[in-house]
Amino acid sequence: MSGVTQFGSRRVLPLAAVVLACLGLIGATTGEKSDRLPEGCRGLGQCCQGKNNTCRGTGSRMNDANSSVCFCDSACVHIGDCCSDHKEVCESVDCVLADDWDAWGECSSRCGPGIKQRERKILQKALNGGKECGPTVEKIACDRTSCKVARAPEGYEELKETGKIIPAVFGSWRSSKVYNPYEDIRKNLFEHYETKSEDSSRPAYCMKFELTEVRGSCHRVTDLWSNDLRKGSTACVECQSMAMKKQLGNRCKGHGVYLKETRWSAVTVPGCHGKWTLQTRPENCQCDPAHKLSFVLV
């Protein structure tokens with residue numbers, strides 16, 4: 001190639017030649033002898049590992065008696081441009097591996113197929129073109145079939161639930177002698193609890209929720225109770241004893257998780273639902289049925 005000085009499979013580009021010339025080393029690039037380079041590897045006084053084009057001296061090569069520049073790195077053994085005294089000065093050392101492998105490591109998968117591996121130590125690295133190390137890592141397939149399902153964090157089930165609400169006034173039949181539970185939607189709710197109640201011994205409790213999302217369907221009819229549900233407002237929500245589920249730990253379904261956002265739905269208003277955040281922890285109390293934003297869970 002024009003403009004490139006080549007030693008075996010090593011190349012020095014024109015720019016490098018200019019730099020070498022400025023340093024007074026152009027003789028090493030052009031093949032002319034230079035008193036500035038040491039004689040062979042012995043004169044260089046070092047043996048370099050890998051391929052290092054600066055690790056060179058003057059003198060003939062092992063495979064070319066007419067060359068004036070030779071190398072003392074370990075790559076010269078494979079390239080064929082070692083100084084004639086390379087074998088003597090830079091004696092090759094083969095890699096030495098430990099006879100025993102370390103124990104197999106853990107399977108990479110907690111559940112199902114994976115990989116595990118073991119290693120063996122290198123006692124001596126290869127030097128000066130010596131025999132390189134063989135494999136130092138072995139891998140085999142592994143399979144964990146006895147998978148254990150991690151326990152869900154606290155409140156995980158409650159986060160998935162939807163709190164179904166009706167106005168608290170609909171629940172006043174508990175203490176009102178005038179209220180007739182056998183009317184409209186309240187009749188269905190009363191009969192539902194009357195036949196399926198698990199008679200929880202836990203007293204009623206209530207919580208405060210901040211409404212963070214309210215669908216527009218809640219405001220389509222102005223005289224419906226759902227029209228009072230507005231984003232940013234605070235609602236009192238009560239869990240009455242006959243709405244509590246024994247399988248849920250004597251609580252109402254959808255009673256929320258403290259400071260977490262969950263979902264709610266207005267039972268008697270189609271399409272009216274949204275999200276809310278529980279602002280207070282459950283406590284033994286009742287929501288004032290006279291308040292527009294007082295509800296009971298069903």
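FYI, side chains are in, hydrogens and waters are out, and symmetry mates aren't considered; it's all heavy atoms of this structure.
By the neighbour-count criterion of 12 heavy atoms within 6.0 Å, atom CD of Gln279 is densely surrounded, having more than that number from other residues, nucleotides or ligands. For Glu106, the CD atom counts as loosely surrounded, since its 6.0 Å shell holds 12 or fewer non-hydrogen atoms of other residues, nucleotides or ligands.
Taking the side chain as every heavy atom from C-beta outward, Val214 and His219 approach each other to under 4.5 Å. Side-chain contact between Cys236 and His291: absent, with no pair of heavy atoms (C-beta onward) separated by less than 4.5 Å. Looking at Met207 and Leu297, their side chains come closer than 4.5 Å, going by heavy atoms from C-beta outward. Counting only heavy atoms from C-beta outward, the side chains of Trp225 and Val169 never approach each other to under 4.5 Å. Counting heavy atoms from C-beta outward, His86 and Val77 have side chains that approach closer than 4.5 Å. The shortest side-chain heavy-atom distance between Trp276 and Thr262 falls under the 4.5 Å cut-off. Side-chain contact between Leu229 and Cys272 is present, with at least one heavy-atom pair separated by less than 4.5 Å. By the 4.5 Å heavy-atom criterion applied to side chains, Leu97 and Ile122 are counted as neighbours.
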#### Entry: Audit row: Thr58, Glu39, side chain to side chain donor-acceptor pair (under 3.5 Å) steps and yes/no
CA-CA 5 Å; Thr58 59; Glu39 184 73 24; 3.2 Å; yes
### Message
For a disulfide (SG to SG under 2.5 Å) check, start with the C-alpha distance between Cys287 and Cys206, then their side-chain angles and the critical distance, and finish with the verdict.
### Response
CA-CA 7 Å; Cys287 296; Cys206 65; 4.6 Å; no
### Task
Decide yes or no on side chain to side chain contact (heavy atoms under 4.5 Å, CB included) for Cys218 and Val269, but give the supporting numbers first.
CA-CA 7 Å; Cys218 302; Val269 184; 5.6 Å; no
### Message
One pair to check against side chain to side chain contact (heavy atoms under 4.5 Å, CB included): Val257 and Leu278. What are the steps and the verdict?
### Response
CA-CA 6 Å; Val257 179; Leu278 181 60; 5.7 Å; no
### Query
Between Cys239 and Cys252, is a disulfide (SG to SG under 2.5 Å) present by the stated rule, with each step listed?
CA-CA 6 Å; Cys239 173; Cys252 286; 1.9 Å; yes
### Task
Kindly determine whether Glu161 and Lys245 satisfy salt bridge (Lys or Arg N to Asp or Glu O under 4.0 Å), including the steps that lead there.
CA-CA 13 Å; Glu161 296 173 356; Lys245 307 295 182 182; over 6 Å; no
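Residues Gly50 and Ser74 approach most closely at N-OG, 2.6 Å, considering heavy atoms.
Side chains of Trp264 and Thr162: no donor on one and acceptor on the other come within 3.5 Å.
Counting only distance, with no hydrogens or angles, the side chain of Asp85 and the backbone of Arg42 share a donor-acceptor pair below 3.5 Å. In this structure, the side chain of Thr212 engages the main chain of Lys275 through a donor-acceptor pair within 3.5 Å. With Asn128 contributing its side chain and Glu91 its backbone, the two residues share a donor-acceptor pair below 3.5 Å.
Applying the salt bridge (charged side-chain N to carboxylate O under 4.0 Å, His left out) definition to pairs two or more places apart or across chains, those involving residues 118-130 are Asp102-Lys121, Arg118-Glu138.
Of the two cysteines examined, Cys70 and Cys41, the SG atoms fail the criterion of being under 2.5 Å apart. Sulfur-sulfur distance for Cys72 and Cys90: not below 2.5 Å, with no disulfide indicated.
Residues Tyr205 and Tyr258 share a single hydrophobic cluster, defined by chaining ILVMFWY side chains whose heavy atoms lie under 4.5 Å apart.
Ile140 belongs to a hydrophobic cluster whose remaining members, ordered by chain and number, are Trp104; membership requires side-chain heavy atoms of ILVMFWY residues under 4.5 Å apart, directly or through intermediates.
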